[in-house]
Q: 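Take a look at this one; I'll ask things after.
Scope of the values below: all heavy atoms of this structure, side chains included, with no hydrogens, waters or symmetry mates. Not measured: the values here are computed from a predicted model.
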Amino acid sequence: TGGYWLVTHLGNVYSFGAPFYGSEVGKALPAPVVGMAVDPSGRGYWLVTSKGNVYNFGNAPFYGSSAHQPLPAPVVGMALDPKTGGYWLVTSKGNVYNYKAPFLGSKANQPLPAPIVGMVASPKTGGYWLVTSKGNVYNYGVPFFGSTSLQTLPSPVVGMAVDSTTGGYWLETSRGSVYNYNAPDEVG
């Protein structure tokens, strides 16, 4: 539809030009919601909590969660595998858990310069990138285009997005600075 969804830590889902399939609003969640992924059909989505609970809505099938296993760190992100329709979860220590998606690698048990804050997948080829709060980018099954790891940033990196046209990505800081790598300077 060209629309999008926003999700809060309480599980509220807001739809803008996209169908609403449900939310966890008003329910006692075991942990805050930290991520969302959209089913490839666009007719459903998943939410994930920091404890690895996965909630599915619409036509998004449930493939599993990390909720009933001890995690070395909180889950901080979720990404969709466009090839299989499955999903990945990532913790702040770089552990990657795969559900109907191939395991391509992780930073588990490796020293990190800063915590992982997010994960995005390539909409064209599958594979994923992990990003730290210092802007270190780790690639698994996708190309590396660059990172902010050697720059002094005005604030921590809080997110990453992929450009579906070029396959590049943007990094965003908590103060709204955006850094592009093989992605346009401006959109729209």
Side-chain angles (χ1 to χ4, degrees), residues 1-104 106 115-131 142 157-165 169-172 174 176 187-188:
T1 64
Y4 58 92
W5 296 272
L6 298 178
V7 63
T8 71
H9 71 285
L10 297 173
N12 307 66
V13 175
Y14 299 94
S15 57
F16 299 89
F20 177 76
Y21 296 112
S23 72
E24 290 295 305
V25 67
K27 298 179 183 174
L29 296 175
V33 171
V34 295
M36 178 182 210
V38 178
D39 180 69
S41 71
R43 296 189 306 262
Y45 43 78
W46 298 274
L47 307 181
V48 65
T49 72
S50 62
K51 287 190 176 180
N53 309 82
V54 174
Y55 303 97
N56 57 315
F57 299 92
N59 288 342
F62 179 77
Y63 295 122
S65 78
S66 301
H68 300 292
Q69 59 184 308
L71 298 174
V75 170
V76 294
M78 178 180 212
L80 168 77
D81 178 15
K83 289 183 173 182
T84 66
Y87 46 84
W88 295 285
L89 308 180
V90 66
T91 72
S92 62
K93 288 189 175 182
N95 308 80
V96 173
Y97 301 92
N98 55 313
Y99 299 93
K100 198 188 170 203
F103 178 76
L104 301 173
S106 76
I116 298 291
V117 295
M119 166 186 234
V120 293
S122 168
K124 292 182 176 184
T125 63
Y128 46 85
W129 294 274
L130 307 180
V131 64
V142 288
V157 170
V158 294
M160 183 178 202
V162 176
D163 179 42
S164 60
T165 304
Y169 47 83
W170 298 277
L171 304 181
E172 181 182 8
S174 63
V187 178

Q: Do any N or O atoms from the side chain of Trp170 and from the backbone of Gly159 form a donor-acceptor pair under 3.5 angstrom?
A: no
Q: Hey, is the main chain of Pro74 close enough, under 3.5 Å, to the side chain of Ser50 for a donor-acceptor pair?
A: no
Q: Give the minimum heavy-atom separation between Lys93 and Ala73, together with the two atoms involved.
A: CG-CB, 3.6 Å
Q: For residues 20-41, pull every pair meeting ring pair (Phe, Tyr, Trp, His ring centres under 6.0 Å), keeping only residues two or more places apart or in separate chains.
A: Tyr21-Tyr45
Q: With side chain to side chain contact (heavy atoms under 4.5 Å, CB included) as the criterion, how do Asn53 and Ser65 come out once you've worked through the C-alpha distance, each side chain's angles and the decisive distance to 0.1 Å?
A: CA-CA 6 Å; Asn53 309 82; Ser65 78; 5.6 Å; no
Q: Answer whether the closest heavy-atom distance between the side chains of Thr49 and Glu24 falls below 4.5 Å.
A: no
Q: So which atom in Ser106 and which in Gly94 form the shortest heavy-atom distance, rounded to 0.1 Å?
A: CB-O, 3.1 Å
Q: Looking at Trp88 and Pro102, would you say the former's side chain and the latter's main chain have a donor-acceptor pair under 3.5 Å?
A: yes
Q: For Lys124 and Ser164, work out which heavy atoms get closest and say how close.
A: CE-O, 2.9 Å
Q: Just by distance, do the side chain of Lys83 and the backbone of Thr125 share a donor-acceptor pair under 3.5 Å?
A: yes
Q: Do we see a donor-acceptor contact under 3.5 Å between the side chains of Tyr55 and Ser23?
A: no
Q: Minimum heavy-atom separation for Pro82 to Ser122, with atom names?
A: CG-O, 3.1 Å
Q: Yes or no on side chain to side chain contact (heavy atoms under 4.5 Å, CB included) for Phe57 and Asp39, after CA distance, side-chain angles and deciding distance?
A: CA-CA 9 Å; Phe57 299 92; Asp39 180 69; over 6 Å; no
Q: Could you give the distance from CE (Met36) to CG (Leu80), rounded to the nearest 0.5 Å?
A: 12.0 Å
Q: Could you check whether any side-chain heavy atom of Leu89 comes within less than 4.5 Å of a side-chain heavy atom of Val54, counting everything from C-beta outward?
A: yes
Q: Hey, what do you get for OH (Tyr14) to OG1 (Thr8), rounding to the nearest 0.5 Å?
A: 5.5 Å
Q: What closest approach, in Å, do Ala18 and Gly3 show between heavy atoms, and which atom pair accounts for it?
A: CB-C, 4.0 Å
Q: With respect to Val90, which candidate in Ile116, Val34, Val117 satisfies the side-chain contact (heavy atoms from CB on, under 4.5 Å) definition?
A: Ile116
Q: When you measure from the side chain of Tyr128 to the backbone of Leu104, do you find a donor-acceptor pair of N or O atoms at a distance under 3.5 Å?
A: yes
Q: Check Pro61 against Trp46 and note the closest heavy-atom contact, atom names and distance.
A: O-NE1, 2.6 Å
